[in-house]
Amino acid sequence: QVRLAESGGGSVQPGDSLRLSCAASGGTLAWYGIGWFRQAPGKDREMIACLSEIDGFTYVADSVKDRFTISRDNYKNTIYLQMNSLKPEDTAVYYCASKRLQQYGCYPPFVYWGQGTQVTVSS
């Protein structure tokens, strides 16, 4: 079973950058489809980005595609979300999640979830 742990969140001002990390244990991320999600209070959770290397699936939401980049370091077994030009509407809890072993692509179900890391963007 893959265990995921997000880190790198914090409180920043509009225009700042953050890099979120999702470190995995108990599994090799290269064998899973991995997504970044966010959820703001009172709103539904939404997928921000996804990476599934073996089958070549990638996704970045239109709302953030000019500012956010998803990447993976297989040696470190870590997936990243680089967030630039942050806006107040980016404020949310950010989660990484994986599909089951050898379940690729960027579509549900995502079954292994981290605890989330808070990103707050305010002036």
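Here, residue 1 is the first one in the sequence, and each next residue gets the next number. Just so we're clear, the structure is a prediction, and the values are computed from it rather than from any experiment.
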Test of understanding: with ring-ring contact (aromatic ring centres under 6.0 Å, His included), list the residues that count as partners of Phe37, not counting sequence neighbours. Phe110, Trp113
Please give me the minimum heavy-atom distance between Leu4 and Ala24, naming the atom from each residue. CD2-CB, 3.8 Å
Does this structure show an ion pair linking Asp90 with Lys87, if we count only N-O contacts that are shorter than 4.0 Å? no
Is there a side-chain contact (heavy atoms from CB on, under 4.5 Å) between Trp31 and Gln103? Walk through the geometry before answering. CA-CA 8 Å; Trp31 298 107; Gln103 297 294 306; over 6 Å; no
Any side chain to side chain donor-acceptor pair (under 3.5 Å) pairs touching residues 3-22, not counting sequence neighbours? Ser17-Asn84
Lys99 side chain near Tyr112 side chain, heavy-atom distance below 4.5 Å: no
Kindly write out the residues that satisfy side chain to side chain donor-acceptor pair (under 3.5 Å) with Tyr95, not counting sequence neighbours, or none if the list is empty. none
In chain order, what residues pass the side chain to side chain donor-acceptor pair (under 3.5 Å) check against Thr120, with sequence neighbours excluded? Gln118
Just verifying a value: how many Å separate Leu20 CG and Cys96 SG, rounded to the nearest 0.5 Å? 9.0 Å
Backbone of Gly33 reached by a side-chain donor or acceptor of Ser52 within 3.5 Å: no
Among residues at least two apart in sequence or on other chains, which ones pass side chain to side chain donor-acceptor pair (under 3.5 Å) with Gln115? none
Minimal non-hydrogen separation, Tyr104 against Tyr32, with atom names: CE2-N, 4.3 Å
So do the side chains of Phe57 and Cys50 get within less than 4.5 Å of each other, counting heavy atoms only? no
Would you mind reporting whether Ser71 and Ile79 have side-chain heavy atoms less than 4.5 Å apart? no
For Arg100, all residues meeting side chain to side chain donor-acceptor pair (under 3.5 Å), sequence neighbours excluded: none
State, yes or no, whether a side-chain contact exists between Pro88 and Ser122 at a heavy-atom distance under 4.5 Å. no
Determine whether Leu18 and Val12 make a side-chain contact, defined as any pair of heavy atoms from C-beta on separated by less than 4.5 Å. yes
Answer yes or no: is there a donor N or O on one side and an acceptor on the other, between the side chain of Arg38 and the main chain of Val93, under 3.5 Å? no
Is there side-chain contact between Tyr80 and Ile70, with heavy atoms separated by less than 4.5 Å? no
Nearest-0.5 Å distance that lies between atom CG in Leu81 and atom OG1 in Thr117: 11.0 Å
Here's one to test your reading of the geometry: is the NZ or CZ of Lys65 within 45 degrees of the ring axis of Tyr59 and under 6.0 Å from its centre? no
Looking at CD1 of Ile34 and OG1 of Thr78, how far apart are the two atoms once the value is rounded to the nearest 0.5 Å? 10.5 Å
Examine distances only and state if a side-chain atom of Lys43 and a backbone atom of Ala92 form a donor-acceptor pair shorter than 3.5 Å. no
Side-chain touch Thr28/Asn77, heavy atoms, less than 4.5 angstrom: yes
